[in-house]
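Computed from a predicted structure; not experimentally measured. So you know, we letter chains A, B, ... as the sequences are listed, proteins then strands, and number each from 1.
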Amino acid sequence: MSLIEIPVGPQHPALHEPILLRVRADGERVVGIQVVTGYNHRGVEKLGERSTWSKDVFLYSRICGICNTVHAQTYTQGVEAIGGIEVPPRAQYLRTLVMELERIHSHILICAVMAEVVGFDSLFMLMMRDREPVMMLKELVTGNRVIADYYVLGGVRRDLDEVKKDKILKVLEGVEARVKYYKKIFMEDYTITKRLLGVGVIKPSEAVAYSLVGPTLRGSGVKSDVRADDPYAAYGEIPFNVVTYSDGDSLSRMLVRLDETLESIEMIRYIIKHLPEGPIAPKTPIRTLHEGEAFSRVEAPRGELIYHIVSKGGDKPYRVKVRTPSFNNIINGVIAYRDARIADVPVILTSFDPCISCTERILVIDERNGSTKVLSLKDLSRWGK
Amino acid sequence: MSKAVEFLRSLGLTCKEVKQARRYVFEVSPDKLRVVVTGLIKLNLNIYSSTISVVDYINEGVIEVNYCLWVIDEKLMIVLRVRVPRDSPKVPTIHDIIPGALNGELEAYDLFGVVFEGNDKLRRGFLVPLDIANQGVFPLRKDFKV
Amino acid sequence: MGLKLLTEVLSNVFKRASTIEYPKQPSLALKEHRGQQYADLSKCVGCSLCAVECPSNAITMASLPVKLKHNPRSIYPVIDYGKCIFCYRCVDVCPVKAYVITNYFEIASDRPGNSSELSLNTIPK
């Protein structure tokens, strides 16, 4: 039986970002998949070694647009761990507030994109409309809808007054009602369940072995959340539930996100009620650090984000290693496409919430019996080896 | 006391002090790495490979490979630190023991030239554009000039 | 099942559109928005700290056409808006709070733009 290779991407495979899925199909059934990225390598890690500690906050928050505050959080908390810098409690709470706002709009976005991928455009439009107030809240608190630039080493840059607090609570009330409604639609609607239920199943043991992180891991029933397991910022003091769904299919991964959005709204209410008084940033700016290293972990909307920061003293970092959640989920997530149908490929990719700008670039081959020959021929032509 | 840390101590490995909580850094020699990782997996804990972080210490002539493993059940991070000479950085692969380490190994090979022996999927040009990769240089090494 | 969303969609037909006709109708940025910023030369002392601290190296120090008493080196910062990432680092580090901040965001243009004209207009007569 001959296999057919179908390229999905690199223009708009499921999201408007460059990634290529080379799908090898036997009829309708997927027998092997090859993830090709590498369309957008930017060398951010190298660039960071040439800049100073304080300027790098702005550089690393630009690795990804959607999850920029978590990148800034991971970087600053790593640097603060090396330097032994105390962050005032009010700043910790404000950081948590902004990160949760980001999680809300990120989760609503990917659920909307999922609706679009399955061909449910009216739901996509409605969800994007209802995401807009959250973006407005982010602009209100930080000064920009997307790139927040809210962090400095040792604190945050803007304070929150009573007027803004009231505005946040009022807007979130509306958002909560809408998210509850969308959760109901995702659970009950015929179009959605037909396309997502039982598609791209990952068993819990596989999810752990293949190092999947975030909602993808929790969608397989593994209770692992950096916010709860390895508390940072103010998460140690804020009560919340770690959401897990045990089915491991695309629908559970989306439901984890919708439930987390509701959890985040509750957390923001708690933060606003219990916001401690005090300063928000250190009086003297931090410019130099002593020798040391830190492994800094944060739960980004897409999963565990980890930075390994090495300092050799002075005003520049020696090495900053960035590993983003999508790097694990996209590359190692190839197991989920096993025996899927061609039409399910974009659905499974979207259910990982892939962020290509985070992943930057890589190519991987999933070996399947019977397809080895096709593969090596392709390699020959592509890599000239 | 955690099972994983106790196991590593029983192998005679010493834990390096780190300022952060829940981080345990162990220095491992390259030839013992596979034994250590296999032993860790056999403990029946949920362990995933968080990342493989490579640091180039050009003045010491050493490349340091940090295997960051997160133990879900015990809520701690185990960092296995392997130091190899800079001119021939070779470590055994662990991607057959932990499949999730594959992406980290591919990335480390392409950007730093660390050879993971036994991993037949390594190739240049995953992350680096091919014109640069074909020159045989590794962009994140310290002697690479931008 | 699907009918639930249908009622929602139908009710939206009779509502006002939630998008705006952008160039005809102004798109509103909040007053908190980080928009175009420039140095107020009646305050700037020409210390160059903003140029040093700029993460994207968008600020260069240019020489002043007139002599100002409070600016002994006679230089002032010019922001290249093509390079600027609007992080407001310059606004934060300025020791004399010389930067004027606005929420104006429609700077996109086919010509390279910088802040020199805006800044020079602030020279005290």
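The minimum heavy-atom distance linking A209(A) with I98(B) is given by the pair O-CG2, 3.8 Å. The minimum heavy-atom distance linking V208(A) with I47(B) is given by the pair CG1-O, 3.5 Å. Here the closest non-hydrogen pair linking K46(A) and P139(B) is NZ-O, 3.2 Å. What you find for K321(A) and I52(B) is that their closest heavy atoms are CE-O, 3.7 Å. N332(A) approaches P99(B) most closely through the heavy-atom pair OD1-O, 4.3 Å. Contact between P231(A) and R22(B) at its shortest, heavy atoms only, is CD-NH2, 3.5 Å.
Counting only heavy atoms from C-beta outward, the side chains of S50(B) and R323(A) approach each other to under 4.5 Å.
For the pair Q20(B) (side chain) and F295(A) (backbone), a donor-acceptor distance under 3.5 Å is present. Side chain of D229(A) to backbone of K75(B): no donor-acceptor contact under 3.5 angstrom is found. The backbone N or O of F327(A) sits less than 3.5 Å from a side-chain atom of N103(B), completing a donor-acceptor pair. K19(B) contributes no side-chain N or O that, together with a main-chain N or O of G83(A), makes up a donor-acceptor pair within less than 3.5 Å. At least one donor-acceptor pair closer than 3.5 Å links the side chain of S211(A) to the backbone N or O of S49(B).
Neither the backbone nor the side chain of I97(B) comes within less than 4.5 Å of any heavy atom of chain A. Interface remark: V226(A) contributes no atoms to any contact with chain B (heavy atom separation under 4.5 Å). For a residue to count as touching a neighbouring chain, one of its non-hydrogen atoms must lie under 4.5 Å from one of that chain's; by this rule D56(B) touches chain A with the backbone only. Interface residue L217(A): only side-chain heavy atoms are found under 4.5 Å from chain B. With a threshold of 4.5 angstrom between heavy atoms, L76(B) does not approach chain A through any atom at all. Contact of I132(B) with chain A is not made at all, since no heavy-atom distance falls under 4.5 Å. The contact between R50(A) and chain B is made entirely by side chain atoms (from C-beta outward), counting heavy-atom distances below 4.5 Å.
Of all the listed residues (V25(B), I41(B), V18(B), V79(B)), the one sharing the greatest number of non-hydrogen pairs under 4.5 Å with chain A is V79(B). Most heavy-atom pairs under 4.5 Å with chain B, from the set L212(A), N328(A), V310(A): that is N328(A).
Around the OH atom of Y48(B), the shell of radius 6.0 Å holds more than 12 heavy atoms that belong to other residues, nucleotides or ligands. Heavy atoms of other residues, nucleotides or ligands lying less than 6.0 angstrom from CD of E27(B) number more than 12.
A cation-pi arrangement, defined by a distance under 6.0 Å to the six-membered ring centre and an angle within 45 degrees of its axis, is absent between K312(A) and Y57(B).
Distance CG/D225(A) to CD1/I72(B): 11.5 Å, rounded to 0.5 Å.
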Go through it in stages, so that I can follow the logic: the residues are N66(B) and H308(A), the test is side chain to side chain contact (heavy atoms under 4.5 Å, CB included), and I'd like the CA-CA distance, side-chain angles, deciding distance and then a yes or no.
CA-CA 9 Å; N66(B) 298 294; H308(A) 177 205; 3.1 Å; yes
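Taking a cutoff of 4.0 Å between a charged side-chain nitrogen and a carboxylate oxygen, R319(A) and E64(B) do not qualify as a salt bridge. Between D230(A) and R23(B), at least one side-chain nitrogen of the basic residue sits less than 4.0 Å from a carboxylate oxygen of the acidic one, meeting the salt-bridge criterion. Under 4.0 Å is where a charged nitrogen must lie from a carboxylate oxygen, and between K142(B) and E49(A) at least one such pair does. One finds a salt bridge joining E293(A) and K16(B) here, because a Lys/Arg side-chain nitrogen approaches an Asp/Glu carboxylate oxygen to under 4.0 Å.
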